[in-house]
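In the text below, chain A, chain B and the rest are named by the order of the sequence lines, each starting its count at 1.
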Amino acid sequence: MTNYLFYPGCSMETSAKAYYESLMAITEILELNLIEIEDWNCCGATEYLGINLIPAYALISRNLALAKNQSNGSNTVVAPCSACYLNLAKADHYMLERPELGEKVNLALQAGGLFYKPGSLEIRHLLDILINDIGLETIKSKVTKPLKGLRVAPYLGCMVPRPDYKKRWSDHEHPVELDRLLIALGAEVIDFPLKTHCCGGHMPQISPSTAFELIRRLLHGADQYKADVLVTVCPMCQMNLDAFQAETNRHFHTNYKIPILFFTQLMGLAFGKEPKQLGFGRELVNAGLALSRIGLEAIETEASITQPKRTKKTGLPMPNMPADTEVNP
Amino acid sequence: MTSETVSQNITSPPLESNPNLRFLEEVSGATAGVARLEMCIQCGSCGGSCPSSADMDHTPRQLFAMVRAGMREEALSSNTPWICVSCYHCVVRCPQEVHIADVMYTLKSMAIRTKLYKDATAPDFSATFVDMVETYGRSFEFGLATRHYLKHFPLRLPGMAPMGLGLLTKQRMDITPNRIERIDELKRILQHAKELEAIQ
Amino acid sequence: MTNNPASNDKQERIGVYVCHCGSNIAGTVDVEDVANWAGKQLQDQGVVIARDNKFMCSSSGQELIENDIKELGLTRVVVAACSPHLHEQTFRTACNRAGMNPYLCELVSIREQVSWVHTDKFAATEKSKAVVSGGVRRVVHHQPLEQLHVPIHPSTLVVGGGISGIQAALELADAGYPVYLVEREPSIGGHMAQFDKTFPTLDCSACILTPKMVSVGSHPKITLLTWSEVTQVEGYVGNFTVTIRKKARYVDDEICTGCGICQEKCPKKVIDQIYEAGLGYRKAIYTPFPQAVPKYPVIDRQNCIYFQKGTCKACEKFCPTNAIDFTQEDELITVQVGNIILATGYDLFDARRVSQYGYGRLANVFSNLEFERLSNAAGPTNGNIVLRDGVTVPKTVGIVHCVGSRDRNFNNYCSVICCMQGLKFAHIVHERTGATVYNFYIDMRTAYKAYDEFYQRVLEEGTLFVRGKVAEISDAARLPGEEGKLIIQVEDTLVGKQRRIPVDMVILSSGLEPRSDSKELAKLFGISCSADGWLIEKHPKLDPVATMTEGVFIAGCVQGPKDIPASVAQGSASAARVLGRIQQGEIAIEPIRASVDEGKCSGCRICNDLCPFNAILFHADRKVTEINPALCQGCGTCIAACPAGAISGSGFSDIQVLSQIDGLLLLDIDHSTLTQAV
């Protein structure tokens with residue numbers, strides 16, 4: 001059993017309930033012990049940072065201070081939500097990079113009887129823990145119902161692979177971590193070129209037209225590459241692509257019906273859990289049809305013309321990336 | 001100044017009263033981390049990467065040129081920081097390692113403080129969000145959404161009803177807020193933090 | 001007057017000269033005061049005259065010293081001025097002219113170590129007095145030293161057979177001296193052999209290179225060792241012993257006629273990653289290109305069917321002269337040379353690292369070297385500029401500048417040639433295909449002769465220039481018209497808007513990087529390389545081809561990115577330096593070096609492995625260590641390490657250093673005198 005300090009984030013209780021449910025369903029199988037930080041508060045998302053510098057970082061750092069107090073041997077905080085993860089990591093990083101900021105934040109924390117020494121906690125995203133600590137071999141060994149026949153578009157969103165202060169991810173633009181995880185689950189992973197493009201974040205509330213365009217690009221991409229589902233790691237991304245899919249369709253007169261799922265939900269399915277336990281049914285764009293494809297023989301679909309085949313009989317030798325053979329055999 | 005960048009040397013007020021430099025220093029000083037705005041070579045990577053640049057008054061690069069030129073009013077009234085989606089593409093691609101996204105946050109807060117923003121949608125949203133967090137310690141989406149949409153997008157509400165209903169029935173939205181236990185502790189911390197911010 | 005225990009029986013006559021250096025020193029230090037103080041307070045230590053002068057290094061300043069030596073019978077000189085790096089030689093030479101051994105002159109720095117680092121004038125003046133006092137106490141213990149003269153072997157080793165190495169080798173050989181030219185690849189020619197055309201003249205690269213290559217191949221004074229690498233270097237300037245590994249070609253070059261039948265008949269095709277930049281093929285037995293010098297092929301063991309599986313041997317069967325010899329082994333040869341020139345060139349930046357450009361993922365994104373091969377008439381497409389499918393001619397092409405250069409995420413520096421290269425590509429694409437060409441740049445760097453005129457020419461041809469560093473290259477179509485194309489997303493900074501430009505082909509003008517093994521190379525030859533990996537020259541402005549190690553020179557891109565004319569110039573420059581040495585016949589070596597007092601040496605050998613210059617030998621029979629005076633550079637490491645204190649450095653003996661410290665601490669000097677001028 002590995003222990004981690006767990007920072008759920010506000011959305012886990014509401015909009016991303018499916019994420020929470022599916023995560024809890026798999027923790028036992030993976031021998032993952034997530035200890036929730038006691039009385040954690042909202043990280044402020046991207047809203048607080050735009051108002052005040054020190055209050056914003058104080059708000060975030062209260063969580064770090066509480067986590068450190070609670071730390072019982074584990075110095076790692078795990079956050080499943082990308083924005084929470086980035087905020088926690090950013091606060092820690094900047095307080096170290098600019099000591100005067102750290103001092104002021106700690107002065108503020110003092111008013112609540114708290115203190116946080118920058119650099120004393122490791123802040124990591126849930127996917128990072130699963131791939132690097134638990135390991136793909138272990139995950140593969142727990143798969144009882146491989147997701148054969150399901151074409152999945154892996155979508156990491158922007159805040160996980162960037163800015164990546166501690167260099168945990170393989171690449172800023174085309175990281176292969178989520179791809180490898182999905183392959184380990186037995187799914188057919190498409191080489192999704194928009195895997196780290198932004199979903200728009202809070203833009204639906206600010207400038208809907210901007211937001212819908214960003215959402216449309218992703219849906220269009222997933223559609224172009226004939227994905228059955230799009231899998232994400234962030235509650236905000238899931239919300240935007242799922243809940244706003246209908247409005248986006250109306251705005252552009254399109255008819256996308258792409259289910260948006262959390263990667264933990266697919267993990268749960270592959271581990272043999274029932275869909276009900278994993279929050280299925282909470283998504284607004286129904287995933288039922290896509291799920292029924294699992295176990296069926298993959299229908300030979302013609303991939304979009306923009307993605308040339310890798311093996312060529314004539315012409316010059318094709319280019320290659322070292323990670324290619326693993327992800328796109 | 002040898003190897004220090006402008007942003008690191010903010011503690012004392014600048015000796016020359018060069019108005020252009022003053023705005024740049026102000027922005028650099030108020031940014032988390034070391035902004036490195038003065039290192040910008042105007043290559044345009046940021047503007048080229050930005051997914052929402054089509055809706056911006058100025059590309060990020062133009063905005064920084066304006067900051068360096070001391071164009072305070074124009075820079076703070078630009079809608080650019082409000083359209084920024086914080087995707088960090090610009091940050092990782094910038095060849096001079098300028099902390100672009102964080103400068104955007106700074107410009108947002110300065111725009112609010114000076115009330116120079118043109119469109120109140122985003123500032124209001126942030127203010128409402130902050131209000132919720134300061135009252136409950138957690139975000140309260142239902143309250144946030146209703147207040148915000150009523151004020152800024154009332155016409156969208158009917159169209160959004162199916163989505164709202166969907167979220168409610170699938171228990172993805174709570175009508176009542178969640179609270180943390182030690183909200184007073186949080187309030188004290190934030191109060192003190194605001195005082196510290198006002199001093200600097 | 002206090003008794004000075006450190007003075008000799010016969011007291012030395014010391015002259016002290018304090019320099020103003022214009023206002024460089026005098027602006028912070030009260031120079032006259034220092035001179036007066038030294039003249040008065042250091043009398044009992046031997047100072048007979050103390051002067052100050054505006055510029056000691058000037059002729060009149062030097063004459064002051066020379067006249068004083070002659071007229072006052074000075075036996076020691078202390079000059080308080082700039083750093084020894086700059087003028088130690090000047091003052092030593094002046095003393096020599098006046099008949100005093102140059103090593104009896106000591107230069108102490110009151111500029112770099114006082115006036116340039118302090119602002120408090122009072123404290124700086126006091127410190128200068130202490131520094132002068134240290135110099136005076138020290139110089140008393142200096143001994144006259146003689147320089148060592150070593151002969152210079154007339155042969156030279158040139159490592160690297162690119163254009164720079166070829167030029168150096170030809171200059172030396174044409175002057176009549178033997179040269180060993182060592183090249184790692186099967187043929188000389190380097191990167192230049194891969195290019196199609198060279199800017200700005202648009203000369204065919206092979207056409208201007210191959211005559212030089214042929215000269216090298218047929219020159220009686222050049223011993224060409226290709227498919228070889230240097231494995232060991234011993235010795236010192238004028239007398240290097242170099243061991244070279246001649247890798248087995250498995251072809252007997254005495255018999256082979258270069259007919260090429262073996263290559264035709266070889267059944268194993270391999271992607272040529274080096275010469276064809278991964279775009280073309282070669283056989284397991286190959287010469288990299290038709291004009292290869294020497295013309296003898298080599299067998300690539302990793303891919304040869306015989307070596308891997310034990311069958312085939314087609315080349316042997318078909319060779320008309322029986323030149324194939326599978327039993328050949330690597331050969332180690334040793335050569336004696338007087339000087340070494342390193343001209344090993346550069347590696348191309350791997351654009352895969354810039355993942356947003358899609359190089360390696362997207363089929364039609366090409367690097368600069370790949371494009372050179374496409375455009376070269378002898379290349380994999382016979383000079384036809386086509387897409388990856390080998391057939392389609394592109395209708396729009398985008399050329400991206402600054403890939404991996406000027407970027408803190410990759411390499412900070414500017415790679416010098418990429419802008420011109422990008423323009424060259426634009427011209428070639430226009431000429432061959434008539435396609436629409438876009439060049440994406442941050443700045444246009446077209447500095448040298450006829451370069452900007454070339455830029456004008458490309459402008460006239462109608463190339464579309466977009467000022468903006470390309471943000472992303474993608475195959476994900478977003479708008480109509482983008483399907484099936486590569487989309488270049490960039491901010492056109494001159495317009496202030498983001499543009500998405502669909503193209504068929506992208507060419508990345510990638511930057512230059514040091515060779516991946518440049519650190520090992522530097523270590524092998526005993527020179528330094530920078531953190532980037534470029535080899536370090538002696539002085540970036542005034543001595544770009546020499547290194548801090550006597551006898552080892554650098555030329556071409558190994559020193560930093562540069563274009564062909566500069567590489568050629570450096571090749572000639574390094575050859576000229578070597579020729580100068582060879583003409584002199586011998587070289588004088590600084591006598592500042594360590595020596596072992598055998599009586600004190602206990603044979604513990606602690607010092608043996610410490611010497612960075614391999615100057616220490618151990619005599620097992622007598623169980624003592626000896627230091628080779630010619631190799632010793634006087635770094636002092638062994639002196640510090642010896643537990644018995646058996647090693648001393650001439651010019652840095654213990655008594656000299658300790659006396660200087662005493663002087664700095666102003667021992668036996670009344671400190672109150674510091675604040676009084678007289």
Worksheet item: Is there a side-chain contact between Thr46(A) and Tyr105(B), using heavy atoms and a 4.5 Å cut-off?
Response: yes
Worksheet, complete the sentence: Highest number of heavy-atom pairs under 4.5 Å with chain A among Lys108(B), Arg138(B), Met104(B), Glu141(B) belongs to Arg138(B)
Practice prompt. Please check if atom NZ in Lys151(B) has more than 12 non-hydrogen atoms from other residues, nucleotides or ligands closer than 6.0 Å.
Written response: no
Practice prompt. Please report the shortest heavy-atom distance between Ile112(B) and Gly50(A), naming the atom on each side.
Written response: CD1-O, 4.1 Å
Response to the item:
So, the part of Leu214(A) with a heavy atom under 4.5 Å from chain B: the answer is side chain
Fill in: Residue pair Pro55(A) / Lys194(B): nearest heavy atoms and the distance that separates them
CG-CG, 3.8 Å
Fill in: Interchain contact, Asn178(B) with chain A, by part (heavy-atom threshold 4.5 Å)
side chain
Worksheet item: Is there a side-chain contact between Thr14(A) and Phe142(B) (heavy atoms, below 4.5 Å)?
Response: no
Response to the item:
Here the pair of heavy atoms bringing Arg98(A) nearest to Ser28(B) is NH2-O, 4.2 Å
Worksheet entry | Glu97(A) side chain vs Val34(B) backbone, donor-acceptor pair below 3.5 Å | yes
Fill in: Per-residue contacts, residues 120-129 of chain B versus chain A, heavy atoms under 4.5 Å
Thr121(B), Ala122(B), Phe125(B), Ser126(B), Ala127(B), Phe129(B)
Response to the item:
Interface check, chain A: of His152(B), Met173(B), Glu134(B), Met132(B), most non-hydrogen pairs under 4.5 Å belong to Glu134(B)
Worksheet item: Mind checking which of residues 165-172 of chain B sit less than 4.5 Å from chain A, heavy atom to heavy atom?
Response: Gly166(B), Leu167(B), Lys170(B), Gln171(B), Arg172(B)
Practice prompt. Select one option (side chain, backbone, both, neither) describing which atoms of Leu107(B) are under 4.5 Å from chain A's heavy atoms.
Written response: neither
Worksheet entry | Most chain B-contacting option - heavy-atom pairs closer than 4.5 Å, from Val105(A), Asn52(A), Leu101(A) | Asn52(A)
Fill in: Region of Ala246(A) that comes under 4.5 Å of a non-hydrogen atom in chain B
neither
Worksheet entry | More than 12 heavy atoms of other groups within 6.0 Å of Phe244(A) CZ | yes
Worksheet item: Does some side-chain heavy atom of Glu47(A) sit less than 4.5 Å from a side-chain heavy atom of Val133(B)?
Response: no
Item to complete: Would you mind checking which part of Met239(A) comes under 4.5 Å of any heavy atom in chain B, side chain (CB onward), backbone (N, CA, C, O), both or neither?
Response: both
Practice prompt. Output the residues of residues 51-64 of chain B for which the shortest heavy-atom distance to chain A is under 4.5 Å, in residue-number order; output 'none' if no such residue exists.
Written response: Pro51(B), Ser52(B), Asp55(B)
Item to complete: Take His172(A) and Arg93(B), measure what side chain to side chain contact (heavy atoms under 4.5 Å, CB included) needs, and give me the verdict at the end.
Response: CA-CA 9 Å; His172(A) 288 144; Arg93(B) 291 177 185 169; over 6 Å; no
Discussion item. For a quick test of reading the model, state the closest non-hydrogen atom pair linking Pro163(A) to Val92(B) and the distance between them.
Written reply: CA-CG1, 4.1 Å
Worksheet item: Which bit of Gln205(A) is near chain B, if near means a heavy-atom gap under 4.5 Å: side chain, backbone, both or neither?
Response: both
Worksheet, complete the sentence: With chain B, the option among Pro208(A), Ala45(A), Gly200(A) that has the most non-hydrogen atom pairs under 4.5 Å is Pro208(A)
Discussion item. Does any part of the side chain of Ile83(B), heavy atoms only, come nearer than 4.5 Å to the side chain of Ser207(A), both counted from C-beta?
Written reply: yes
Practice prompt. Give the member of Gly9(A), Ala83(A), Cys158(A) that has the highest number of heavy-atom pairs under 4.5 Å with chain B.
Written response: Cys158(A)
Item to complete: Spell out, as yes or no, whether a donor-acceptor pair under 3.5 Å connects the side chain of Arg162(A) to the backbone of Cys87(B).
Response: yes
Fill in: chain A interface, residue from Val91(B), Thr106(B), Thr31(B) that has the most non-hydrogen pairs under 4.5 Å
Thr31(B)
Discussion item. What residues of residues 179-193 of chain B make heavy-atom contacts with chain A at a cutoff under 4.5 angstrom?
Written reply: Ile180(B), Glu181(B), Arg182(B), Glu185(B), Leu186(B), Arg188(B), Ile189(B), Leu190(B), His192(B), Ala193(B)
Response to the item:
Interface check, chain B: of Arg250(A), Glu247(A), Glu38(A), most non-hydrogen pairs under 4.5 Å belong to Glu247(A)
Practice prompt. Answer yes or no: is there a side-chain heavy-atom contact under 4.5 Å between His89(B) and Thr196(A)?
Written response: yes
Worksheet item: So which part of Arg62(A) gets closer than 4.5 Å to some heavy atom of chain B, the side chain, the backbone, both or neither?
Response: side chain
Worksheet item: Given a strict heavy-atom distance threshold of 4.5 Å, which part of Glu173(A) is in contact with chain B: side chain, backbone, both, or neither?
Response: side chain
Worksheet item: Non-hydrogen atoms of chain B under 4.5 Å away: do they reach the side chain of Asn106(A), the backbone, both or neither?
Response: neither
Worksheet item: Taking C-beta and beyond as the side chain, do Trp82(B) and Met203(A) meet within less than 4.5 Å on heavy atoms?
Response: no
Worksheet item: Based on non-hydrogen pairs under 4.5 Å, which of Pro204(A), Ser11(A), Gly279(A) is most in contact with chain B?
Response: Pro204(A)
Discussion item. With heavy-atom distances below 4.5 Å as the criterion, would you say the side chains of Glu197(B) and Lys104(A) are in contact?
Written reply: no
Worksheet item: Tell me, side chain or backbone of Leu96(A) under 4.5 Å from chain B's heavy atoms, or both, or neither?
Response: neither
